[in-house]
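The structure under discussion appears below in the form of structure tokens.
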Amino acid sequence: MSTADTHPSLRVVIEDTVDQATRMVADLFKTIICDAVAQRNACFLALAGGTTPRLLYQRLAGEVPTQPLPWESVEVFFGDERDVPQDDVDSNFRMAQRTLLDHVPVPPDQIHPMPADAADLAAAAEGYEQAIREVVPADDGTPRFDIVLLGMGGDGHTASLFPDTPALQERQKLVAGQFVPVLGRSRMTFTYPLINAARNIILLVTGPDKAESVATLLHGDADARSRIPAAGVRPTDGIVYLILDREAARLIEHTE
Ligand code: 6PG
């Protein structure tokens, strides 16, 4: 994404603080979840990992809303996962479970952890894609999530789409497993076709270490942006929200 080539569906929001950015995303979640359930009797959600979403999940879990969210109608998947067991301290599932899913009434059979520690990663990715296809309705052959929540690393990776990794080129599979050299570990991840089929993609990016990649994402030339996996997030028929705090936006603020 860049100003010149910004996708028409891009919404950039800059909040002063991490807390305000998180609150903004929590409000988006509430609106989208309620609308999806009202219109289609279900909401299909893909959560992100890492550290940024923790505050968001805690906020959503701690909400004492005047009108409780219809969590019993929400199906929860994960946009990516590390190659660790579900109870490992590095597990994205464990983080989401402890900060959110243990505190809201999503039925257990509607929570779908990603089996990224499977011995046969390719087969496990295929199985997870199948599970998504069985649960998440597709408009044009690709299951459409109501929300895909993403973070972004300082190198511009998103989900587990890291620079110079094969999954960036994947256009058939919706879920891929891959070894990530920079981590020395394997990951499982949504691929662009699945991410970009979503109705709403929410990129929550905060902190000074993301500022360079944010500036490249929005204002870099085509070559620079080609090295930022988050630049491949371009919804085919949806909206992408880039929610930033001032720190992450410090290199773009003067031009926005
Ligand atoms: C993961 C995430 C990853 C994350 C970015 C940002 O498994 O680590 O899914 O894509 O969103 O690495 O991580 P932070 O939120 O910790 O900065």
Side-chain angles (χ1 to χ4, degrees), residues 15 17-19 21-22 24-26 29 45-60 76-101 112-117 121 124-125 128 145 147-165 167-168 170 175-192 194-196 198 201-214 216-217 227-233 240-245 247-250:
E15 297 284 358
T17 65
V18 173
D19 187 60
T22 303
M24 168 78 188
V25 175
F29 262 64
L45 184 51
L47 296 180
T51 55
T52 304
R54 290 183 68 90
L55 205 54
L56 167 66
Y57 299 160
Q58 288 165 342
R59 177 178 289 279
L60 287 170
V76 178
F77 289 84
F78 288 79
D80 75 321
E81 186 57 275
R82 291 92 178 271
D83 63 341
V84 295
Q86 289 175 13
D87 59 357
D88 188 287
V89 67
D90 284 338
S91 162
N92 290 337
F93 167 75
R94 178 184 183 271
M95 184 273 282
Q97 184 183 42
R98 298 204 171 191
T99 52
L100 174 61
L101 299 175
H112 309 271
M114 204 179 227
D117 59 334
L121 195 58
Y128 198 72
F145 280 86
I147 299 176
V148 171
L149 176 68
L150 297 171
M152 186 177 75
D155 61 358
H157 81 262
T158 191
S160 284
L161 297 169
F162 283 80
D164 308 315
T165 57
L168 293 173
E170 182 58 62
V175 179
Q178 64 178 356
F179 181 75
V180 181
V182 72
L183 302 176
R185 304 294 297 263
S186 292
R187 291 285 187 98
M188 190 180 291
T189 184
F190 278 17
T191 58
Y192 287 131
L194 185 53
I195 292 171
N196 289 330
I201 302 167
I202 301 176
L203 261 163
L204 173 57
V205 182
T206 60
D209 58 323
K210 316 292 176 74
E212 289 278 341
S213 287
V214 168
T216 303
L217 185 62
R227 291 195 295 276
I228 300 280
V233 173
V240 51
Y241 298 90
L242 177 61
I243 313 294
L244 306 167
D245 73 334
E247 294 278 2
R250 64 188 167 83

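Order of appearance sets the numbers: ligands from 1, and atoms from 1 within every ligand.
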- Once the angle between the rings of Phe162 and His157 is folded into 0 to 90°, is it parallel (under 30°), tilted (30 to 60°) or perpendicular (over 60°)? parallel
Would you mind writing out a table of all protein N or O atoms found under 3.5 Å from any N or O atom of ligand 1, naming both atoms and giving the distance to 0.1 Å?
residue: ligand 1; atom: 7 (O); partner: Asp80; partner atom: OD2; Å: 3.0
residue: ligand 1; atom: 7 (O); partner: Arg82; partner atom: NE; Å: 2.9
residue: ligand 1; atom: 7 (O); partner: Asn92; partner atom: ND2; Å: 2.9
residue: ligand 1; atom: 7 (O); partner: Arg187; partner atom: NH1; Å: 3.3
residue: ligand 1; atom: 8 (O); partner: Arg82; partner atom: NH2; Å: 2.7
residue: ligand 1; atom: 9 (O); partner: Asp80; partner atom: OD1; Å: 2.7
residue: ligand 1; atom: 9 (O); partner: Asp80; partner atom: OD2; Å: 2.9
residue: ligand 1; atom: 10 (O); partner: Ala159; partner atom: N; Å: 3.4
residue: ligand 1; atom: 10 (O); partner: Ala159; partner atom: O; Å: 2.5
residue: ligand 1; atom: 12 (O); partner: His157; partner atom: NE2; Å: 2.6
residue: ligand 1; atom: 15 (O); partner: Thr51; partner atom: N; Å: 3.3
residue: ligand 1; atom: 15 (O); partner: Thr52; partner atom: N; Å: 2.9
residue: ligand 1; atom: 15 (O); partner: Thr52; partner atom: OG1; Å: 2.6
residue: ligand 1; atom: 16 (O); partner: Thr51; partner atom: N; Å: 2.9
residue: ligand 1; atom: 16 (O); partner: Thr51; partner atom: OG1; Å: 2.7
residue: ligand 1; atom: 17 (O); partner: Lys210; partner atom: NZ; Å: 2.7

- Message: So Leu60 and Leu56, do their side chains get closer than 4.5 Å, heavy atoms only?
- Response: yes
- Message: Just to verify, what does Arg94 make a side chain to side chain contact (heavy atoms under 4.5 Å, CB included) with, not counting sequence neighbours?
- Response: Val89, Ser91, Arg98
- Counting only heavy atoms not in Glu212, do more than 12 fall under 6.0 Å of its CD? no
- Message: Would you say the rings of Phe190 and Phe145 are close, in the sense that their centroids are separated by under 6.0 Å?
- Response: yes
- Would a line drawn from the ring center of Phe78 to the ring center of Tyr128 be shorter than 6.0 Å? no
